[in-house]
Amino acid sequence: MAKILITGGTGYIGSHTVVSLIEQGYEAIIIDNLCNSSIESLDGVEAITGIRPLFEQIDMQNRASLDDFFYRHADIKAVIHFAALKAVGESVEKPVEYYRNNLGSLLNLVASMQKFSVGNLIFSSSATVYGEPDSLPIMEFHPVKPAMSPYGNTKKICEDIISDTARVNKEFHAISLRYFNPIGAHESGFIGELPQGVPNNLMPFITQTAAGIRKELKVFGDDYDTPDGTAVRDYIHVVDLANAHVKALDRLMKENQDDNYEVFNLGTGNGFSVLEVIKSFEKTSGLKLPYQIVDRRSGDVEATYASTTLANEKLNWKAERTLDEMTYSSWNWEKKARKMD
Ligand code: UD1
């Protein structure tokens with residue numbers, strides 16, 4: 001049973017990926033500094049899989065403790081790196097903190113992995129690197145645009161660090177996964193997204209509004225050049241996303257990559273507008289969602305959705321879950337997490 005390190009494994013996408021890994025027979029070990037997640041997610045993983053993953057609270061900015069970790073766990077075969085700060089608005093306010101944390105952690109990780117000869121890395125990247133796309137669907141070879149936030153820039157620079165490392169070290173095999181818009185939660189309702197403070201992203205804002213924590217949802221702009229005027233995104237169920245990480249890992253472990261550094265889009269290939277997401281939520285929850293149309297949010301792009309051909313062909317993976325399954329599971333999780341059931 002290959003042992004896999006998941007950094008940031010108590011977070012939203014990390015915890016779902018830990019479940020998928022365990023289900024596919026991998027041994028998961030998590031490190032996380034718990035700055036934006038809760039240790040209770042381990043209970044959720046255990047409730048779903050029957051296995052409690054190993055966990056150590058480590059801040060990856062501390063190179064010595066990371067080295068010590070790899071020294072003690074010499075049998076780690078690969079790393080999936082989720083640990084990062086991810087709030088776009090906050091990154092604009094605190095650029096130094098974002099660059100220091102996101103770049104520092106990745107630099108320490110890559111250095112430690114090379115020191116301890118761990119040669120397989122999967123990096124949690126974002127479709128934000130494409131900026132405002134010139135054409136749709138977005139393909140992996142489409143240009144990476146200047147980032148619209150320090151957060152987005154850290155994703156681009158991390159990709160560059162990994163790609164430059166892979167170029168000179170052929171023993172180093174890496175894959176960057178560019179996520180479109182992950183939403184939803186595990187169908188059990190035992191794990192999900194629980195942002196601290198006011199959510200920045202659409203889905204948690206919707207579920208918190210439905211839960212009565214927020215008064216109403218603000219829909220940012222209805223004058224986009226889209227069918228109903230609201231912005232279009234490629235929403236992907238987090239369980240499908242998690243499964244893609246296992247497929248990427250399978251590919252790295254078999255060393256059947258064409259190149260020792262590859263990039264894949266992870267989306268469904270379908271675009272949905274903000275109003276379509278609201279409609280789906282109202283249908284699956286049976287609730288009426290209070291919302292108001294307001295001005296566009298600065299930095300938002302009009303429409304994005306992925307070409308999934310590369311991931312379909314090379315990872316042998318395809319997103320399977322519908323938008324209704326995404327909104328249903330998000331609400332199911334929110335209710336459980338707020339003890340509303
Ligand atoms: C955002 C980030 C992106 C990041 C991703 C995942 C920006 C510009 N981009 O993507 O870099 O990788 O989250 O964390 O912030 N919306 C509303 N009302 C709300 C919230 C959102 O109408 O209260 C709309 C947005 O305008 C957008 C859509 O919902 O059209 C999705 O927004 P969001 O969930 O924040 O994701 P992105 O902006 O696509």
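What you see is a predicted model; the values in this text were computed from it and never measured. Order of listing sets the numbers, starting from 1, for every ligand and every atom in it.
- Looking only at atom types and distance, the side chain of Asp222 has no donor-acceptor partner in the side chain of Thr230 under 3.5 Å away.
- Near Lys218, meaning under 4.0 Å from one of its heavy atoms, ligand 1 places the atoms 17 (C), 18 (N), 19 (C), 22 (O), 23 (O).
- The CG atom of Asn260 lies 8.0 Å from the CG atom of Asn169; values are rounded to the nearest 0.5 Å.
- His245 and Phe264 have their aromatic ring centers separated by at least 6.0 angstrom.
- The shortest non-hydrogen separation linking Cys158 to Phe123 is CB-CZ, 3.3 Å.
- Here the heavy atom of the protein found nearest to atom 37 (P) of ligand 1 is Asn181 ND2, 3.6 Å.
- Every atom of ligand 1 is numbered from 1 in the order shown, and the set under 4.0 Å from a heavy atom of Gly299 is 8 (C).
- Close approach to Val219 involves these atoms of ligand 1, each under 4.0 Å from a residue heavy atom: 22 (O).
- Scanning all protein heavy atoms for the shortest distance to atom 25 (C) of ligand 1 gives Asp300 OD2, 3.4 Å.
- A 6.0 Å sphere centred on NZ of Lys170 holds more than 12 heavy atoms belonging to other residues, nucleotides or ligands.
- For ligand 1, the polar-atom distance check finds an N/O of Leu202 within less than 3.5 Å of one of the ligand's N/O atoms.
- From the protein, the heavy atom lying nearest to atom 30 (O) of ligand 1 is Ala231 CB, 3.2 Å.
- Residues Tyr179 and Leu241 meet the side-chain proximity criterion, which asks for heavy atoms closer than 4.5 Å.
- Under a 4.0 Å criterion applied to the non-hydrogen atoms of Ser126, ligand 1 contributes the atoms 12 (O).
- Of the protein's heavy atoms, Phe220 N, 2.9 Å lies nearest to atom 22 (O) of ligand 1.
- The cationic atom of Arg178 (NZ for Lys, CZ for Arg) lies less than 6.0 Å from the six-membered ring centre of Tyr130 and within 45° of the ring axis.
- In terms of protein heavy atoms, atom 7 (C) of ligand 1 is closest to Val88 CG2, 3.7 Å.
- Note: His16 and Phe82 fail the aromatic proximity criterion, with ring centroids not under 6.0 Å apart.
- When only non-hydrogen protein atoms are considered, atom 4 (C) of ligand 1 lies nearest to Tyr151 CE2, 3.8 Å.
- Short contacts between ligand 1 and Thr128, defined as distances under 4.0 Å to a heavy atom of the residue, involve ligand atoms 11 (O).
- In this structure, Phe69 has its ring center under 6.0 Å from that of His73.
- Rounding to the nearest 0.5 Å gives a distance of 5.5 Å between CG of Leu194 and CH2 of Trp333.
- For atom 6 (C) of ligand 1, the nearest protein heavy atom (residue, atom name, distance) is Asn201 ND2, 4.0 Å.
- Numbered from 1 in the order shown, with element, the atoms of ligand 1 that lie under 4.0 Å from a heavy atom of Asn200 read 20 (C), 35 (O).
- In terms of protein heavy atoms, atom 31 (C) of ligand 1 is closest to Tyr235 OH, 3.4 Å.
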